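Report on one structure; see the data block that follows.
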Amino acid sequence: MAPTPSSKSVLGQTTPLRTPQSKHHQSKHRPNLFAVKSTHPSPNPMSAVKENPPPEHPVEVIGRIRDYPDRKDKPVSALHVSSDRRSVQVRTDIGYRNFSFDGVSTSEEVDLDGFYKRFVESRINGVKLGAKCTIMMYGPTGSGKSHTMFGCGKQPGIVYRALRDILGEGDEEKENSTDGQCLGFRSFVQVTVLEIYNEEIYDLLSNNNGGGLSLGLTRRNASKVRLEVMGKKVKNATFISGHEAGKMTKEVAKVEKRRIVKSTNCNDRSSRSHCMIILDVPSVGGRLMLVDMAGSENIEQAGQFGFEAKMQTAKINQGNIALKRVVESIANGDSHIPFRDSKLTMLLQDSFEDDKSKILMILCASPDPKEIHKTISTLEYGAKAKCIVRGFNTPTKEKTGVENATSAVVLGSRIAAMDQFILKLQMENKLREKEHNEAHIKLLRKEEEIATLRAKVEAIEGRGSGLSEEEINLKVNERTKILKLELEKRLQECQQKANEFVEVGRRRMEEKILQQQQEVEMLRQRLEEIETAVNSSTDSSSDKNRLHELDGNCLTKRLTEIYSDGDRGIEKSMDLDMGNTQPFVLDVKERDVSNHTETHRWTAKGGEEDDDIVVAPRFTEKVCSNTVYEDEEEGEDKEKVDDEEEKKVVVEETAAPFSRTDGSSPGTNFIMSSYAISPQKLVSSIPHSNRKDTEKVDCKRNRFEEKHDVSPGVMDESENPKDTASARRTRIQNIFMLCGNHRELGQHVRTPTPYPKRPQTSDFESSPVRTTDDEAAMMKSVSNKTPGFGLSDRVLTDITGKNITETPNPALMKRVENVPQNRNWWSSPETAQDSKENNIPGDGNTDGLIEMYVKWEASKENSGKFIMRLKVVKDSSLADLRKLIETHLVKENTTKQGFTFLMLGDPTGAPVLKEKEATIQARKLPICNNQLSGHLACLRPVKGTQRANPLLFSSLENKNPTVIPTGLPV
Ligand SMILES: Nc1ncnc2c1ncn2[C@@H]1O[C@H](COP(=O)(O)OP(=O)(O)OP(=O)(O)O)[C@@H](O)[C@H]1O
């Protein structure tokens, strides 16, 4: 065992060879009891107690809060130092705690020098005077224990400052100069440096290489000397002594670096051992123990893994835990103080038991909130240590008599201290309860707020039908897809329908076009046939050529007008049917008088001069189709006629009279309807507005017969095959009739040939001026011969004046029908009388005068009788004629009745406007007939003025089997 410095060594000896011995101190100054400082009066105020001083605090607790100068982002401190620098408040999220100490310092405010002067320097001064003091650094790892004890390069720690203070600084030269005269005044210290590691004590000042520690840890030297503990001291500990602070500081600094350190998660250079530096001042008996404890740390938090590391950390904590128990035991006044639980507490036992020893416990803490739990534990430990009180020392032997009394006093002091401690704990407990209640109230409020918010969230979720946003989006997407598909489907259907509609329209249009083309082709064929018929004529007279030329031009023009617009289609055919109601059938024949039947054969004829010709509508193919259908009914009608034995008018279905020269049929286009109807039926089937026209037609027909002096009957060209001129004339006129162009023919071609007189004419007919008797005789004769027209037994002439045979074609004869009587305007006796009185010659054009025959328009109220015959100059106007007529009406005492002139020949039947009468010459009025040789002035009563419908038949009426020949009012 190495020699240890002895406390009995000579002053000024600097050779640190022996371990300091303190046995004499132990025997002389062994503390008997620890006592708790009490402010209360002693329960047993004995005289012995009164003589002893009150118990003192053996442990002084100082708090030191480190700083983080190297950190850029300093954490917000969890520790708040009071203004008196004696308490510190720990602030956490759930509350705070106050800890009261003997002093609190922060590195930020007070550096090491200031801390030393404030809390340590007085202790060092006591050591210089012979006091004993123990300064312990307690706290978690990284809290600045070693930093405070040893300092850093700029700031020396407590160890070096204590050496300097004890030995003095800058006195070396002075001391050397005095050369021993001042030895008694010079300080001399012996320094021992021990390391407690894994509950082993090592001598850091020993240079012995053998038997030392070699655990592979970081160490400056190869080995350390392990020391044994005897009692409360180590044996044979090496020490250094001297009175030069500089040298001593250097030596200690060297030794300090031999400590075992290790890098941990908490500290790059964490002390893995407890370090104890013992400074003895032998001259005065003073002693300073500086203890830098290893950090109290959590094993896992320190990042120690493996069995050996965990055992190492456990050993380190063993010293801390033992020291903590010692402090608590002393504070609690336990009879047993567990100093022997660790090497550290064994060596510190004198510090706690020596009455003259003082303990300065420096609690090192970190302001970092992350270290708050270790900080609180450290502060609690210091608070416990601060409760330690020490009772006065009593001589063991000399004071035996009062030992019991002293014991009672000490116990009373302990009780008082414990009461004070309990009171403090109770106050803290109340404070905690208060804080707890406040925290509980806050917690309840928070819970209420949470419940309210949760209810709101549930309400919101409830309004959403419990569906999450994803579910809603999913449903929306599905619905969108369905709607999209439906929309596409409907679009396809619409497109399909549109295509079908377009297709149907296209087909209809094609059908229309095809139909029009067929009609055009048919008309072309008709035109060709007509032209062929015209060309085939052998007559090459100039009139014929002219007619042919005009015919072709007019036909071409009309066809061009009709079919210039291809879009009119079928309606054009209808227009053709309706727009031209000009007659083309003229040939009328009466026959079979004995059977009271008549056969009328209608042949085409045109010309303005022949307006009085019976007319029939021009039919198209459709009409012909209808006639075919009507033929089927024809048989039924015929049977009815036979049964009823009535007179019938037969409209013979036959070939046109302008049959081809070869005698063949002109074709179905010219086939007329043939059917039989009764007159009543005929009239009743006609619209009222058209009945008048029907009557006019009848009159026209009669006039035609008279004019052409033909006998009723069928005028069959085959019966006069040699009369080619007449046939041509007829055909030409038929052509223009078919083309609706008879007016043009009338304007350009005036037939110079006068109509021949009828061979069976009576005196009335032969003479333009008929007497009343003649008139009566004629009417009687006519009435006896023909009850209908009054023209029976007459032979009609064709347009050329040639007589037409009375014998009809039996094959073409269909029906005979009665014709109403009173259709002849010349049956009026007054007319005959006037004619006779006036003695107007038959030639109205003689002597520059023209004859005018005036009659009323035939109507229901008026039979259409002649009222006068006048002679007027050729240039007379209708206005002049009106004056004569009105004069005559007044003369005849006839009520002056207003009238208007009918412009016979006007297809509309409209009367001449009165204001235009002055501009129309009287000679423009139509010629009555050959017998009268005058012009006819037909008057219409003003009241009975009726305007004929320009369109007597609509397209539907054309389909009516009742074919009413229309014509001009006569
Ligand atoms: N008050 C302070 N001011 C500046 N730096 C400090 C302060 N306290 C400690 N330090 C620095 O913190 C680091 C750790 O300090 P220190 O070694 O003293 O802690 P420790 O309590 O001794 O830890 P361990 O118990 O692990 O040894 C060191 O680098 C030290 O320089």
Side-chain angles (χ1 to χ4, degrees), residues 62-72 74-75 77 79 81 88 103-120 135-161 195-198 204 217-219 253 256-277 290-304 309 312-321 323-324 344 361-368 370-371 373-375 377-379 381-382:
I62 303 296
R64 176 170 167 81
I65 301 172
R66 65 158 296 179
D67 187 20
Y68 295 94
D70 299 335
R71 285 191 182 181
K72 294 181 179 178
K74 293 183 180 181
S77 177
L79 303 177
V81 180
V88 61
V104 179
S105 174
T106 62
S107 300
E108 188 177 5
E109 295 177 351
V110 181
D111 57 3
L112 270 176
D113 184 54
F115 179 79
Y116 176 82
K117 290 180 179 178
R118 182 176 177 182
F119 299 107
V120 180
I135 300 175
M136 295 187 298
M137 309 301 297
Y138 187 87
T141 181
S143 59
K145 299 184 294 291
S146 299
H147 181 269
T148 303
M149 183 62 75
F150 297 99
C152 58
K154 298 179 181 178
Q155 297 182 12
I158 295 174
V159 174
Y160 305 111
R161 292 182 184 273
E195 182 182 36
I196 303 171
Y197 177 75
N198 280 345
L204 294 181
L217 300 175
T218 302
R219 52 195 305 181
E256 186 266 334
K257 290 183 172 56
R258 295 180 65 186
R259 285 184 66 184
I260 297 173
V261 296
K262 187 177 181 181
S263 176
T264 65
N265 293 339
C266 302
N267 188 2
D268 294 337
R269 197 171 182 273
S270 177
S271 301
R272 298 290 86 190
S273 63
H274 308 292
C275 181
M276 183 178 289
I277 301 172
L290 301 173
V291 181
D292 180 17
M293 298 180 69
S296 58
E297 58 195 14
N298 187 287
I299 297 175
E300 284 74 15
Q301 187 177 8
Q304 302 299 309
Q312 177 187 358
T313 304
K315 292 284 184 180
I316 294 171
N317 287 336
Q318 183 178 353
N320 294 328
I321 294 171
L323 180 61
K324 194 173 183 178
L344 176 65
M361 183 177 288
I362 299 175
L363 302 175
C364 293
S366 169
D368 193 345
K370 296 179 181 177
E371 308 290 335
H373 299 290
K374 292 184 285 186
T375 301
S377 178
T378 300
L379 297 178
Y381 174 74

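Read the numbers this way: they start at 1 and go in the same order the structure lists the ligands and their atoms. Worth saying up front: this structure is predicted, and the values here are computed from it rather than measured. Count residues from 1 along the sequence.
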Do any N/O atoms on T141 end up under 3.5 angstrom from N/O atoms on ligand 1? yes

With respect to A294, determine whether any N or O atom, backbone or side chain, lies less than 3.5 Å from an N or O atom of ligand 1. no

Which option out of S107, G139, G144, S143 puts a heavy atom nearest to atom 16 (P) of ligand 1? G144

Pick from E108, K145, H147: the one approaching atom 31 (O) of ligand 1 most closely through a non-hydrogen atom: H147

Distance, nearest 0.5 Å, that separates CE of M136 from CD1 of I62: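 Here the rounded value is 12.5 Å.
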
Treating [X] as the side-chain partner and [Y] as the backbone partner, does any N or O pair qualify as donor plus acceptor under 3.5 Å?
| X | Y | result |
| --- | --- | --- |
| S377 | H373 | no |
| R66 | G142 | yes |
| K145 | P140 | yes |

Measuring from non-hydrogen atoms of [X] to any atom of ligand 1, is the shortest distance under 4.0 Å?
| X | value |
| --- | --- |
| M149 | no |
| G142 | yes |
| C364 | no |

Going by the order shown, which atoms of ligand 1 are within less than 4.0 Å of some heavy atom of R64? 1 (N)

Provide the number and element of each atom of ligand 1 under 4.0 Å from a heavy atom of P140. 21 (O)

Begin from the C-alpha positions of L112 and H147 and carry the test side-chain contact (heavy atoms from CB on, under 4.5 Å) through to its verdict. CA-CA 9 Å; L112 270 176; H147 181 269; 3.9 Å; yes

Say whether S105 and R118, considering side chains only, have a donor N or O and an acceptor N or O under 3.5 Å apart. no

Does CD belonging to Q155 count more than 12 external heavy atoms closer than 6.0 Å?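 More than 12 within 6.0 Å, yes.
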
